[in-house]
Number of protein chains: 2
Amino acid sequence: MSTILDYPRPMTTAPPPPTPVQLMDGLARAAAAYYRHFAEVAAEQGLTLMQGKVLSLLRRPMPMRTLAELLACDASNVTGITDRLEARGLVRRAVDQTDRRVKNVLLTEEGERTVALIRAELMSGLTTLGQLDEDERRTLHDLLGRVFPQA
Amino acid sequence: MSTILDYPRPMTTAPPPPTPVQLMDGLARAAAAYYRHFAEVAAEQGLTLMQGKVLSLLRRPMPMRTLAELLACDASNVTGITDRLEARGLVRRAVDQTDRRVKNVLLTEEGERTVALIRAELMSGLTTLGQLDEDERRTLHDLLGRVFPQA
DNA sequence: CGAGAATGGTTGACATACTCAACCATCTGG
DNA sequence: CCAGATGGTTGAGTATGTCAACCATTCTCG
């Protein structure tokens with residue numbers, strides 16, 4: 001059909017580049033799909049999306065305030081989420097010894113187990129990731145890092 | 001053999017490919033950053049993340065049920081969100097003529113204006129996207145499409 | 001046709017997420 | 001030592017989210 005619109009391009013068939021709008025749509029779809037998957041995985045452990053997020057962030061203990069910044073939400077919100085996680089025995093508050101205002105949140109054994117399950121299920125559910133070869137994984141990682149720079 | 005999809009790098013230093021875990025982390029960071037940005041843009045219009053999401057989905061009128069599927073949430077949830085959007089005059093319910101059970105949600109003029117602002121601000125805020133060249137945009141779009149296939 | 005099942009949407013009850021203002025405890029800098 | 005900054009909690013209020021129960025309409029099939 002599209003015989004007329006051709007213009008000189010490399011011998012390999014290069015599809016037309018996506019418009020910025022299409023790219024933005026792609027990002028939106030990807031982000032939505034990621035969180036849909038994450039929410040499902042968290043739900044398997046009886047957790048909400050946010051509870052799963054917090055557990056995932058706790059690779060190392062960190063103050064409530066830091067969690068609030070990472071989640072981009074109010075500190076009082078973190079209080080509530082942490083309350084519920086603590087009530088389930090997945091998390092613990094430990095008063096910081098150098099600054100007694102600070103409460104460090106850390107995973108309990110049970111919390112470690114749960115987050116390990118979540119991570120495993122998160123990976124095994126995204127089978128498409130495993131279908132990328134090394135170059136593609138490197139490229140995707142690099143491009144995402146450039147579009148969404150660290151911090 | 002896919003020479004055009006590679007971007008230039010010195011032959012000697014091929015950075016190590018990211019581990020699956022690192023890649024998953026990259027996806028998590030990107031998704032979080034995307035929604036943080038989206039939420040900020042929506043907030044500029046006095047809207048929540050979900051309200052902004054719904055407006056963005058309404059490129060064309062669609063039944064409540066379809067919205068619920070796209071948002072991956074319960075239909076009764078969509079009722080609430082639509083109620084609030086309708087109360088602000090951004091959206092309207094129209095009974096479908098072929099199936100009178102169905103209510104199609106559509107943007108009002110005001111809703112169109114608002115979503116246009118959101119889209120514009122969403123783009124102009126992500127300046128990093130504009131810094132990718134054509135090949136990189138094509139590659140990113142392609143890889144995202146493969147990791148998160150359309151429906 | 002007509003009775004029952006299926007579907008789209010709303011309502012009500014309830015848990016969670018989220019923000020804001022007010023507040024206490026602790027720390028920090030003159 | 002005191003005034004202000006900082007970390008966290010509480011309380012009020014709204015939004016989001018699920019579930020069960022419920023109409024209205026449509027579909028299925030005897």
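Bear in mind that the values here come from a model prediction, so they are computed numbers and not experimental data.
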Task: Interatomic distance where CG belongs to Leu47(A) and P belongs to dT16(C) [whole Å] - done: 11 Å

Open item on the list: Counting only heavy atoms not in Glu109(B) (residues, nucleotides, ligands), do more than 12 fall under 6.0 Å from its CD?
Closed with: no

Task: Donor-acceptor pair present, Ser76(A) side chain and dC18(C) base, under 3.5 Å - done: no

TODO: Let me know the distance between CD of Glu86(A) and C1' of dT16(C), rounded to the nearest Å.
DONE: 17 Å

Open item on the list: For Pro17(B), is there any backbone N or O sitting under 3.5 Å from a side-chain donor or acceptor partner on Arg137(A)?
Closed with: no

Task: Rounded interatomic separation in angstrom, taking CD1 from Ile81(B) and P from dC18(C) - done: 13 Å

TODO: Considering just the side-chain nitrogens and oxygens of Arg101(B), establish if one lies under 4.0 Å of OP1 or OP2 belonging to dA6(C).
DONE: no

Open item on the list: To the closest 0.5 Å, what do you measure between CG (Leu107(B)) and CD (Glu112(B))?
Closed with: 4.5 Å

Task: Euclidean distance, atom CZ of residue Arg36(A) to atom P of dG17(D) [Å, nearest integer] - done: 12 Å

Task: Spacing between Arg84(A) atom CZ and dA17(C) atom C1', to the nearest angstrom - done: 7 Å

Task: Gap between atoms CG and C1', on Leu67(B) and dG9(C) respectively (whole Å) - done: 13 Å

Open item on the list: Distance check needed: dA5(D) P versus Asp99(A) CG, whole Å only.
Closed with: 17 Å

Task: d(CG, Leu71(B); C1', dG17(D)) in whole Å - done: 12 Å

TODO: Report the nucleotide, chosen from dC19(D), dG8(D), dC20(C), that has the shortest atom-to-atom distance to any side-chain atom of Asp74(B).
DONE: dC19(D)

- [ ] Please determine if a side-chain N or O atom of Arg100(B) lies less than 4.0 Å away from the OP1 or OP2 oxygen of dT25(D).
- [x] yes

TODO: Would you mind telling me which residue lines up with the more 5' stretch of DNA chain D, Arg88(B) or Ala75(B), judged by nearest nucleotide?
DONE: Arg88(B)

Task: Donor-acceptor contact below 3.5 Å, side chain Gln51(B) vs main chain Thr48(B) - done: yes

Open item on the list: Measuring to OP1 and OP2 of dT16(D), would you say a side-chain N or O of Thr48(B) lies under 4.0 angstrom away?
Closed with: yes

Task: Phosphate OP1/OP2 of dT9(D): any Thr79(A) side-chain N/O under 4.0 Å - done: yes

Open item on the list: So if I apply the side-chain contact (heavy atoms from CB on, under 4.5 Å) rule between Val105(B) and each of Met62(B), Glu86(B), Met64(B), which one comes out positive?
Closed with: Met64(B)

Open item on the list: Tell me whether the side-chain N/O atoms of Lys103(A) come closer than 4.0 Å to OP1 or OP2 in dT9(D).
Closed with: yes

Open item on the list: Using a 4.0 Å heavy-atom cut-off, does Asn77(A) contact any base of the nucleic acid, only the sugar-phosphate backbone, or nothing at all?
Closed with: base

- [ ] Please state whether the phosphate of dG8(C), meaning OP1 or OP2, lies under 4.0 angstrom from any side-chain nitrogen or oxygen of Arg65(B).
- [x] yes

